[in-house]
Amino acid sequence: MLAWWLPAQADENTARPQIKTNRWQEDWSTLANPAFRTEPFDAIKYIPVMPGDPQTYLSLGMTLRERFESVNAAAFGIGGSKSDNYLIQRLQFHLDFRFAEHWQLFLQGEDDRAFGKNVVTTVDQDPLDVRLAFLAYVNATQAGTFKTRVGRQDFDFDLQRFVSSRDGPNVRQSFDAVWGDWESGPWRFIGFLSQPVQYFLDHPLDDISNSHFRFHTLRVERQVLGTNELSAYYSFYQKDNVRFLDAIGDEKRNAFDVRFAGKSNEVDWDLEAMGQTGVIGGKDIRAWAVGARTGYTFAQLGWQPRVGLQVDAASGDRRPGDNVLGTFNPLFPNGYYFTLAGFTGYVNLVHVKPSLTVKPVQNLSVMGALGFQWRETTADAIYVQPSIPVAGTAGKGSPWTGAYAQLRVDYQFDAHLKGALEAVHYKIGDTIRQAGGHDSDYLGLELKYSL
C-alpha cells in the first residue's frame, strides 16, 4: 500500500478537482500527493498545516470576472433611459481552511465595480466587502451524512428559478444563516434560517443583514426511478416596507415548491411549480408560478445537437383595488434563466422558448433560441428583471408582450479561463410601444479567470 505522499497514478477518485462557481465546494486535498502538483500555483492551492495529517491544510484562490455590456436601453427606453456601454468587474479572493477531519473555515472577500455605467445600482457595484465567512462541519457515518454551516454563505436550488446566488449580475447574493443538511440513501433533508445580505454601493465593509429581511426554508429531496430527483420545500419570506403596484407594507409570504427533474437516455426534463400565500399591507397574497425545461439530445450525431423547449408562467394581480394581491414574487431569481439582457422578469408572465444547442468542438457550446412572451393578466404590468414593473403598462394594452432572439456562446479555454458571448434582440409588442418603448438590443462579452 502506497503512503499518501508517494507518487501514484491518477484515477477518477484522485484527479485534480474542477474549479467551481461556488469556490467553497472545491476539495484540494488530493494535492497532498506531490505527483498531482502539476501547475505553477499548486503551492498555494494546498498548503499543509500539520505534518502527517494531509486533511488539514490551507487553500488560497481568486476569481476575476470582466464583462463588457452594451444595452440599447433598459426597460425598453421607457422613462428616458438611454443607450449604455460599460464594463463591470468582479474580483473575489478566498481562504479555505480544512482541519480536524470534519471542519472547514471559509472566508471570501469580493470587490465589485462598474465603469462607465449610466445608472449604478446595488447589483452593479459593491466596494470591498465580506461575501462569505462561515464555519462548516461534515460527518459521514454508516447511517448517513450530516452537514451544517454557520455564518455568511450562499444558497442556490435547482435551476435557480427562484432561489439563487445571483451569479448573473455583478454583485452576488449572500445570506447570514444557520444551515443543516442530513443525507441518507436516496433521501436528503435541508433546513436553514437566514437573513439575506443587503448591499450598499458607496463604501467598503458596509453590507448588512437584519430582522427586517428574512428567508427561512425546509426542503426534502428524494432520488426516484434511478437518479432522477423529486423535491419539495416550504419557504417563509419576510421583508418590511415593500411596495407593489397594488400593495404597500410589510410582506410576509409563504412559498410552497415542488420539482421533478431528471434524464432518461437522450431526454432531459426539469419541471417546477410554486404557490404563494401570505399578507402584505392588509391584503392577502395568492400567487403562483410554473416552469418547465425539456430537451432531446442527438448524442450520436456530430456536434451533439440538443433541441430544447422552455415554458414558464407566473401570476399577476387580476383585480387591482381588491383585498387580494396576485403578483408573484420570484424571490431570488437568477438572470441566466431567461437572458442576461434583463428584459424578462418572472412576474405576470407566459413565456415559450424553443432552442437549439450544439457543440462544434470540445469545450465550445453554442445556443440559439427564440422567446415569445405574453402577460398572464393585462390588469397587471409587464415586468423586467428581477420584478420591476414597466411604467405605463399596468391595466393597458393586450396580453402580447413581445418576442426575442438570443445567441449564447460559451468556451472553456482551459481549466482556469472561460469566455462567453451573449446577444439578445427584443422586438416589443404594441403595449410597450404605446407606453413609449422601442425594440431593444443587448450584447455581453465576458472573460472569467479562476485560480
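Values below: every heavy atom of this structure, side chains too, minus hydrogens, waters and symmetry copies. As the structure is a prediction and not an experimental result, all values here were calculated from the model.
The only option from D167, D111, D126, D124 that meets the salt bridge (Lys or Arg N to Asp or Glu O under 4.0 Å) definition with R90 turns out to be D167. Looking at F97, W28, Y57 one by one, the single match for ring pair (Phe, Tyr, Trp, His ring centres under 6.0 Å) with Y46 turns out to be Y57.
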key: Step-by-step ring pair (Phe, Tyr, Trp, His ring centres under 6.0 Å) determination, W182 to F189   = CA-CA 5 Å; W182 172 254; F189 302 89; 8.5 Å; no
query = After noting the C-alpha distance and the side-chain angles of H351 and F338, does the key distance pass the ring pair (Phe, Tyr, Trp, His ring centres under 6.0 Å) rule?
reply = CA-CA 10 Å; H351 172 259; F338 291 112; 4.9 Å; yes
message = If you apply the rule ring pair (Phe, Tyr, Trp, His ring centres under 6.0 Å), what do you find for F343 with Y442, and how did you get there?
response = CA-CA 9 Å; F343 298 141; Y442 168 88; 7.3 Å; no
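Within a 6.0 Å sphere centred on NZ of K448, other residues, nucleotides and ligands contribute more than 12 heavy atoms. Taking a 6.0 Å sphere around NZ of K117, one finds it holds more than 12 heavy atoms contributed by other residues, nucleotides or ligands. Heavy atoms of other residues, nucleotides or ligands lying less than 6.0 angstrom from CZ of F41 number 12 at most.
Rounding to the nearest 0.5 angstrom, the gap separating the CG atom in N170 from the CD atom in E110 is 7.5 Å. Distance check, rounded to the nearest 0.5 Å: CG of N329 to CD1 of I285 gives 8.0 Å. I78 contributes atom CD1, which lies 9.0 Å from atom NE2 of H438 (distance to the nearest 0.5 angstrom).
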Show the atom names and distances, to 0.1 Å, of all donor-acceptor pairs under 3.5 Å that link a side chain in residues 362-370 to residues at least two apart or in another chain.
none

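Remark: the backbone N or O of Q92 is not paired with any side-chain donor or acceptor of R65 at under 3.5 angstrom. K147 places no side-chain N or O within donor-acceptor distance of the main-chain N or O of N139, the cut-off being under 3.5 Å.
Both tests hold for R149 against W24: distance to the six-membered ring centre under 6.0 Å, angle to the ring axis within 45°. For the pair K359 and W303, the cation does not sit on the ring face, since its NZ or CZ is not both under 6.0 Å from the ring centre and inside 45° of the axis.
For the residue pair T294/D268, the side-chain donor-acceptor check at 3.5 Å is not satisfied. A side-chain donor-acceptor contact under 3.5 Å links D312 and Y346.
Centroid-to-centroid, the aromatic rings of F157 and F155 stay 6.0 Å apart or farther. Taking the centre of each ring, F215 and F192 come in below the 6.0 Å mark. A distance below 6.0 Å separates the ring centres of F175 and F332.
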